[in-house]
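Report on the structure given below.
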Amino acid sequence: MFPVSAGAGRAQPVVLAAPSGTGKTTIAHRLVEGTGEFVFSVSATTRAPRKGERNGMDYEFMERRQFEERAQRGEFAEWAEVHGNLYGTPRRALEEAAGRGEFVVLDIDVQGARQIRANFPGALLVFVIPPSAEVLVSRLRRRGTEADDEVVRRLRSAREELLRAAEFDHVVVNDDLARAVAEVRRVARAGGARKGADVALMIAQLTSQIDRVLEERFQNVGA
């Protein structure tokens, strides 16, 4: 278990989850830059590296068989299959960070967040959302790797994931990167915070926008 101290600012896992293209990975990296207070947990995955990604730095890339063998041995604190690929958080990384009293940052999906909450009740679960569906589509397009059918699949997944925001301790709107990073730092140091009353409205607006984008711009994709 993670060390627990009384009051705010205790060391705890900080879980960042969000729909694809929302910017949670960038937030995770910014959290750990220039400070030893937050450390980045490198996830394992069976997906192929994207351009510029480095093994052991961005992800621990491995074959599916190797991943499944490690999962059977209980080496992951959480793992899940997302878009046909396996992702997992090595237990050893969490245990080592806990021993140092650090805020270990987990960049995972909503399925993994549930498992972390079950295994580490003191974890802070943060859900990151885009300011609008149009911004989400723009960010997916900017990757340069997403065809229309993939954009549609990720938008539909985003809609389903947004409905899980109520399970999280805090919701951050990533409309400005520096502000979003500062907000996560503040909430972690304060020992956690609850969502504002307007979160339900924001989620309803986003899901409605996604429905409209799918209908108006991608209605013939994947039909």
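In this chain, numbering begins with 1 at the start of the sequence shown. Since we're looking at a predicted model, the values are computed, not measured.
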### Message
For Ser20 versus Arg154, what's the shortest heavy-atom pair and its separation?
### Response
OG-NH1, 2.9 Å
### Message
Between Glu150 and Arg153 (salt bridge meaning N to carboxylate O under 4.0 Å), is one present in this structure?
### Response
yes
### Task
For side-chain contact (heavy atoms from CB on, under 4.5 Å), just list the numbers for Leu16 and Leu31, CA-CA rounded to whole Å, side-chain angles, deciding distance to a tenth of an Å, and then say yes or no.
CA-CA 11 Å; Leu16 298 179; Leu31 280 170; 4.0 Å; yes
### Task
Give the minimum heavy-atom separation between Pro90 and Glu60, together with the two atoms involved.
CG-OE1, 4.3 Å
### CA sep, side-chain torsions, deciding dist, call: Leu136, Gln209, side-chain contact (heavy atoms from CB on, under 4.5 Å)
CA-CA 10 Å; Leu136 181 58; Gln209 290 171 16; over 6 Å; no
#### Entry: From Glu96 atom CD to Glu102 atom CD, the distance as rounded to the nearest 0.5 Å
10.0 Å
### Task
Determine yes or no for a side-chain-to-main-chain donor-acceptor pair under 3.5 angstrom, with Arg30 supplying the side chain and Ala178 the backbone.
no
### Summary
Minimal heavy-atom distance between Gln111 and Ala80, with the atoms involved, is OE1-CB, 3.7 Å
### Task
With side-chain contact (heavy atoms from CB on, under 4.5 Å) as the test, would you mind laying out the steps for Arg139 and Asn174 before giving the verdict?
CA-CA 12 Å; Arg139 289 173 180 171; Asn174 188 17; 3.9 Å; yes
### Message
Could you check whether Thr45 and Asn85, counting side-chain N and O atoms only, form a donor-acceptor pair closer than 3.5 Å?
### Response
no
### Summary
When every non-hydrogen atom of Ala180 is compared with those of Ile27, the smallest separation belongs to CB-CD1, 4.0 Å
### Query
Can we say Asp148 and Arg141 salt-bridge, meaning some charged N sits less than 4.0 Å from an Asp/Glu carboxylate O?
yes
#### Entry: Spatial distance of atom CD (Glu69) from atom CD (Glu63) [nearest 0.5 Å]
11.5 Å
### Task
Check whether any side-chain heavy atom of Arg217 sits under 4.5 Å from a side-chain heavy atom of Val137, and report yes or no.
yes
### Task
Starting at CG of Leu86, measure out to CZ of Arg64 and round the result to the nearest 0.5 Å.
4.0 Å
### Summary
Separation between NZ (Lys24) and CG (Asp109), nearest 0.5 Å, reads 7.5 Å
### Task
State the CD1-OG1 distance between Ile108 and Thr89, to the nearest 0.5 angstrom.
5.0 Å
### Task
Using the side-chain contact (heavy atoms from CB on, under 4.5 Å) rule, take His29 and Asp58 through it: C-alpha gap first, then chi angles, then the decisive distance, then the call.
CA-CA 9 Å; His29 281 285; Asp58 299 285; 4.0 Å; yes
### Task
Answer with yes or no whether the hydrophobic clustering places Leu163 together with Val128; edges join I, L, V, M, F, W, Y residues whose side-chain heavy atoms lie under 4.5 Å apart.
no
### Query
Under 4.5 Å between side-chain heavy atoms, hopping through other hydrophobics if needed: is there a path connecting Val42 to Phe61?
no
### Query
In terms of side-chain geometry, is the basic nitrogen of Arg117 or Glu167 positioned less than 4.0 Å from the acidic oxygen of its partner?
no
### Query
Under a 4.5 Å side-chain heavy-atom rule over Ile, Leu, Val, Met, Phe, Trp and Tyr, are Tyr87 and Leu94 clustered together?
no
### Query
What do the steps show when you test Asp107 against Thr25 for side-chain hydrogen bond (donor to acceptor under 3.5 Å, both in side chains), and what is the final call?
CA-CA 6 Å; Asp107 173 8; Thr25 299; 2.5 Å; yes
### Task
Find out whether His170 and Val184 are in side-chain contact, i.e. whether some heavy atom of one side chain is under 4.5 Å from a heavy atom of the other.
no
### Task
Flag yes if Val126 and Phe40 sit in one hydrophobic cluster, no otherwise; membership is Ile, Leu, Val, Met, Phe, Trp, Tyr, and two members link when side-chain heavy atoms are under 4.5 Å apart.
yes
### Task
Would you kindly confirm whether Val135 and Val199 end up in one hydrophobic cluster when ILVMFWY residues are joined by side chain heavy atoms under 4.5 Å apart?
no
### Task
Please check if atom CZ in Arg92 has more than 12 non-hydrogen atoms from other residues, nucleotides or ligands closer than 6.0 Å.
no
### Summary
Looking only at heavy atoms, the pair that brings Glu37 and Arg189 closest together is OE1-NH2, 2.8 Å
### Query
Taking the six-membered ring for Trp, are Phe67 and Phe76 parallel (under 30°), tilted (30 to 60°) or perpendicular (over 60°)?
parallel
### Summary
To the nearest 0.5 Å, atom OG of Ser43 lies from atom CG of Leu106 at 7.0 Å
### Task
Determine yes or no for a side-chain-to-main-chain donor-acceptor pair under 3.5 angstrom, with Thr207 supplying the side chain and Ile203 the backbone.
yes
### Summary
Shortest non-hydrogen pair, Pro130 vs Thr22, comes out as N-CG2, 3.5 Å
### Query
Heavy-atom count around Arg65 CZ within 6.0 Å, excluding the residue itself: above 12?
no
### Query
Taking only residues two or more places apart in sequence, or in another chain, which ones meet His83 in a ring-ring contact (aromatic ring centres under 6.0 Å, His included)?
none
### Message
For a 4.5 angstrom cut-off between non-hydrogen side-chain atoms, does Arg70 reach Trp79?
### Response
no
### Query
Are any non-hydrogen side-chain atoms of Val187 and Asp169 less than 4.5 angstrom apart?
no
### Query
Side chains of Val110 and Phe127: closer than 4.5 Å at any heavy-atom pair?
yes
### Message
Strictly distance-based, threshold 3.5 Å: is any side-chain N or O of Asp175 a donor or acceptor partner for the main-chain N or O of Pro131?
### Response
no
### Task
Indicate yes or no: at least one non-hydrogen side-chain atom of Leu155 is less than 4.5 angstrom from one of Arg159.
no
